[in-house]
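Take a look at the structure below.
Residue numbers count from 1 along this sequence.
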Amino acid sequence: MMQSEVDRYQDTLRLLKDYYQAMEGKIPEEFDHGFVRIPLIDLATPTERPPSDLKSPSESNTRAVTPTAPTPSAKGKKGKEAVEELKLEEDDEEKPKIPLVPRRPRSTEGFFPIQTPAGTKPEKGSKSRAGKKDKAKEPVPTASVEETHESPLPPSDPDEKLIHDAYTFGIMKVSEMTDVFSKSLLTAAELAAKEAEDEAEKQNASFDKDKDKGKKAGKKRSKSKSPSGKKSPGGKKSPKKGKKAATPTPPPTPPPVEYTPEEQAKRDLKDKMKQEYMAAIIHEENGLKGRMELIKIHTIEVLQGLKSKAEAVYKDMDDWLGARFQSEMTSIDTVCGVLGQCIEKREKIKPELVSFQNEFQVNKEVKVFRTPSPPRRPSPIEISTSDTFTVDQIKLLHDQFKSSAPTGFISSRGFIDILSDLTALTHGMEALPDQWMKLTAPQFEHLAGSLSPDSEYIDWRTFLLQTAQPWPQPSQAQLLETLQKFYDIDVFNNGMITREQFEQVELWYTADSRLPTPEDPSAPMPFDRTTHIQGFFFDIFTDENCEPPMLDYKNFLLYFSIAPSAMNGFFRALSVSANRHMPRPKGPEEPELDEEQVQTLKETVETWKGDEIQVSSVKEPTVSYVGPLEEQIPAAALNATVPLGSLVQVFHHGQPTLGDSHRFSVTSDPEDTFSQERLAGVYRELGNEDLDPVPFFTLIEHPIILDCLSMCHRYKAADLKAIFASASAHQPPMDNDTQSIMS
């Protein structure tokens with residue numbers, strides 16, 4: 001704002017000067033670009049400011065660049081670089097520069113440079129006021145004594161002093177411009193006269209000053225003179241009384257010049273113009289000084305207000321920081337106290353202690369150390385009973401039989417020896433159930449006879465299947481459904497599947513997926529016997545000669561065709577081998593079922609099949625007999641046919657291979673009742689020369705087939721309960737001494 005006021009004042013003076021010069025008939029002077037610049041405050045840091053701006057305003061104004069022409073020897077790249085540097089320096093000199101002053105001066109000499117007359121430049125030897133000496137001095141307009149006494153002292157605050165110095169600098173420049181423009185309309189004689197007057201005023205002022213000094217010195221000499229009238233210490237005599245000092249004679253006044261009336265009128269007009277011009281300059285100067293004074297006062301007030309607000313803000317921030325620091329220290333002390341208590345009590349810190357900034361929290365949701373996991377449940381243990389084999393015991397028997405008879409068939413004597421050794425040599429090892437440990441040699445012979453009624457060799461897979469009881473006995477319909485599942489998963493259609501494929505097939509019974517979980521975490525989970533037994537079936541019936549081990553699923557299902565009745569077991573096996581339902585011939589020994597038995601069988605079949613079955617009254621005569629209800633045989637089975645290959649496979653299932661192992665080995669024994677040649681002869685007698693399938697009832701009524709059925713007992717399940725009953729009946733009672741020892 002001060003700069004704008006100074007610029008406006010300078011423009012006003014130039015306008016007045018041009019106006020009154022034009023009234024005199026003079027040509028206006030050329031426009032002078034030398035504006036007065038009040039230095040600005042340099043807010044840039046030394047690292048941000050370019051090197052040329054770090055110098056003082058006077059240095060930047062007085063710096064002269066004298067370019068020197070490059071020497072002829074300067075060639076190539078160096079010469080071009082020198083020319084470019086000179087051009088850059090010349091461009092920098094041509095650009096107008098604004099003087100800058102530091103916000104905080106490094107010395108107490110002042111903020112602003114030496115004041116120079118307006119429109120003039122300092123000479124080459126002049127330097128700024130920032131600690132530099134002058135080589136050539138110029139007369140600088142000084143304020144009068146009254147102004148010196150009336151000028152206020154600069155403020156002590158550096159920012160206010162900066163404003164005060166800017167104001168003083170502006171007033172100084174205004175006074176310089178006023179002196180310069182006030183002399184613009186004066187003639188040379190008037191300028192000389194005015195200079196003479198100024199010189200006389202200066203001489204008078206210096207004379208008065210010397211006179212005052214002389215008076216003071218005379219008083220000092222009078223005080224220092226001795227009473228005897230001796231000379232003063234200086235050795236000079238004091239002036240005599242009555243004589244006055246010689247005064248210089250003033251020059252004679254020139255005679256007055258007489259002017260004509262026209263010249264006098266012109267002089268009067270010119271004097272009036274000068275008076276108006278001077279009055280206008282003085283008026284503008286006074287107005288400018290008043291406005292600059294208001295600007296200074298308002299600026300200082302605003303600065304003081306900002307400083308007071310800043311002080312209040314800093315005070316509040318200091319209070320806040322102190323309070324925050326105290327709260328943080330309190331939080332830290334609280335944490336230390338909690339930690340100290342835990343250390344003294346030797347306790348672990350379970351919750352997380354959070355000291356975030358000035359807050360202390362106990363996060364109970366987060367624990368700093370891992371809660372010890374509950375002990376793992378022990379592995380499920382199968383509880384052994386007195387008459388049931390455990391899975392481990394069945395595996396032990398399997399290993400024993402497999403090492404002794406890898407083919408799956410063992411002699412009756414070898415079978416009895418293995419069981420006898422287990423009962424005699426494994427006391428306390430629980431290799432067999434308790435009741436089996438009590439069996440005798442005759443009972444083992446009875447067991448061997450029931451397992452191989454028509455052969456000297458025992459299929460130990462049949463025995464292991466009986467020891468895996470209890471498992472649900474499948475019906476004929478369930479066997480055929482399971483066979484169809486095996487057919488679906490057998491991608492190669494070769495009758496063999498792998499373990500992975502076997503585990504994907506769901507048998508006629510599944511494991512209970514909702515086993516009860518004990519409430520005690522240390523108690524083991526219930527043993528899943530069904531899953532383990534189903535997995536062990538593959539190990540029992542697999543063919544180890546294949547790689548990987550493969551299972552003949554049709555042969556596997558033939559083992560599950562056994563039934564308490566040998567005839568029913570045979571027809572179940574024939575259904576599996578032919579992959580179709582086979583009916584049951586109704587013999588004269590078939591008893592009539594009463595209403596209660598029919599209802600029981602009906603409920604059993606409904607449970608297996610899931611559908612409601614309508615059963616006619618037992619008193620009503622049936623048209624045809626299909627078979628037992630529990631087998632779920634459909635009526636379409638009455639039209640079933642029997643292939644020759646299926647019949648041969650059923651008769652020879654579970655028999656060891658004797659002699660050669662080629663496909664005609666079954667005909668090598670002419671005494672074999674179930675030989676393929678004999679069965680083929682039956683098919684030819686029935687009028688089927690091509691050995692095509694024969695209707696079931698036509699084939700079953702043939703005498704040879706009836707004779708074969710009566711001789712086939714391999715599909716009858718062994719009655720182990722009868723063996724245990726005989727063992728308990730023949731067990732001798734313990735005497736008193738034995739009872740006392742065992743007790």
Query raised in the report: Would L396 and D392 count as a side chain to side chain contact (heavy atoms under 4.5 Å, CB included) if you check the C-alpha gap in whole Å, the side-chain angles of each, and the deciding distance to 0.1 Å?
Result: CA-CA 6 Å; L396 178 62; D392 294 336; over 6 Å; no

Query raised in the report: Do I497 and M550 pass the side chain to side chain contact (heavy atoms under 4.5 Å, CB included) test, and can you show the C-alpha distance, the side-chain angles, and the key distance before you say yes or no?
Result: CA-CA 5 Å; I497 59 174; M550 306 289 285; 5.7 Å; no

Requested in this report: Tell me, with the steps shown, if Y715 and Y559 meet ring-ring contact (aromatic ring centres under 6.0 Å, His included).
Outcome: CA-CA 8 Å; Y715 293 101; Y559 281 98; 9.0 Å; no

**Report entry** Worked verdict on V505 versus D488 for side chain to side chain contact (heavy atoms under 4.5 Å, CB included)
**Finding:** CA-CA 10 Å; V505 175; D488 295 339; over 6 Å; no

Requested in this report: Applying side chain to side chain contact (heavy atoms under 4.5 Å, CB included), run through V366 and V354 and close with a yes or a no.
Outcome: CA-CA 10 Å; V366 179; V354 181; over 6 Å; no

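In plain terms, the two heavy atoms of N688 and L691 that are nearest each other are OD1-N, 3.2 Å. Here the shortest heavy-atom pairing between P518 and A523 reads CB-CB, 3.9 Å. Y487 and N579 make their closest contact through CE1-ND2, 3.5 Å (heavy atoms, listed as atom of the first residue, atom of the second, distance). Residues Q466 and A718 approach most closely at OE1-O, 4.1 Å, considering heavy atoms.
No side-chain donor-acceptor contact under 3.5 Å links S565 and N568. Judged purely by distance below 3.5 Å, without hydrogens or angles, the side chains of T542 and R499 never pair a donor atom with an acceptor atom. A side-chain N or O of D520 and one of S522 form a donor-acceptor pair less than 3.5 Å apart.
When side chains are defined from C-beta on, M567 counts as touching L709, because their heavy atoms get closer than 4.5 Å. Residues Q478 and Y509 are not in side-chain contact: their nearest non-hydrogen atoms beyond the backbone lie 4.5 Å or more apart. The shortest distance between side-chain heavy atoms of L551 and D543 does not fall below 4.5 Å. Taking the side chain as every heavy atom from C-beta outward, T482 and Y553 never approach each other to under 4.5 Å. The side-chain heavy atoms of W471 and L465, taken from C-beta on, include a pair separated by under 4.5 Å. Side-chain contact between I458 and S452 is present, with at least one heavy-atom pair separated by less than 4.5 Å. You'll find the side chain of F536 reaches within 4.5 Å of the side chain of I540, heavy atoms only. The shortest distance between side-chain heavy atoms of T390 and F527 does not fall below 4.5 Å.
Formation of a donor-acceptor pair under 3.5 Å by the H652 side chain with backbone atoms of V648 is found in this model. Looking at R529, its side chain never comes within 3.5 Å of a backbone N or O of E382 through a donor-acceptor pair. The backbone N or O of T440 lies less than 3.5 Å from a partner atom in the side chain of Q443, making a donor-acceptor pair. Between the D528 side chain and the H532 main chain, no donor and acceptor come within less than 3.5 Å of each other. Proximity of a side-chain donor or acceptor of K485 to a complementary backbone N or O of E506 within less than 3.5 Å is detected. In terms of modelled atom types and a separation under 3.5 Å, the side chain of R377 and the main chain of M525 share no donor-acceptor contact. In this structure a side-chain-to-backbone donor-acceptor pair under 3.5 Å is missing from S577 to A573. Distance alone, capped at 3.5 Å, places no donor-acceptor pair between the W436 side chain and the A431 backbone. Q476 places no side-chain N or O within donor-acceptor distance of the main-chain N or O of Q632, the cut-off being under 3.5 Å. For W460 (side chain) and G408 (main-chain N/O), a donor-acceptor pair under 3.5 Å exists by modelled atom type.
Between K716 atom NZ and I562 atom CD1 the span is 12.0 Å, to the nearest 0.5 Å. In this structure, the separation between CG on L706 and CD on E701 is 8.0 Å, given to the nearest 0.5 Å. Atom-to-atom distance recorded for Q473:CD and W508:CH2 is 8.5 Å, nearest 0.5 angstrom. We find the CG-CG distance between L647 and L679 to be 5.0 Å, quoted to the nearest 0.5 Å. Expressed to the nearest 0.5 Å, how far CG of L419 lies from CE of M437 amounts to 11.0 Å. Atoms NZ and CZ, from K395 and F389 in turn, are 15.5 Å apart once rounded to the nearest 0.5 Å.
Among residue pairs with one or both ends in residues 556-573, those qualifying as salt bridge (charged side-chain N to carboxylate O under 4.0 Å, His left out) are R572-E631; sequence neighbours excluded. Residue pairs meeting the side-chain hydrogen bond (donor to acceptor under 3.5 Å, both in side chains) criterion with at least one member in residues 397-418, sequence neighbours excluded, are K402-E544. Pairs passing the salt bridge (charged side-chain N to carboxylate O under 4.0 Å, His left out) check and including a residue from residues 455-466, sequence neighbours excluded, read D459-R461. Here salt bridge (charged side-chain N to carboxylate O under 4.0 Å, His left out) pairs that include residues 680-691, with residues two or more places apart or in two chains, number zero.
Applying the 6.0 Å contact sphere to NZ of K554 captures more than 12 heavy atoms from other residues, nucleotides or ligands.
Under the rule for a ring pair (Phe, Tyr, Trp, His ring centres under 6.0 Å), the partners of F415 that lie at least two apart in sequence or sit in another chain are F401, F463. When the ring pair (Phe, Tyr, Trp, His ring centres under 6.0 Å) test is applied to F556, the partners found at least two apart in sequence or on another chain are F502, F541, F560.
Ring centers of F674 and F651: under 6.0 Å apart, within the cut-off.
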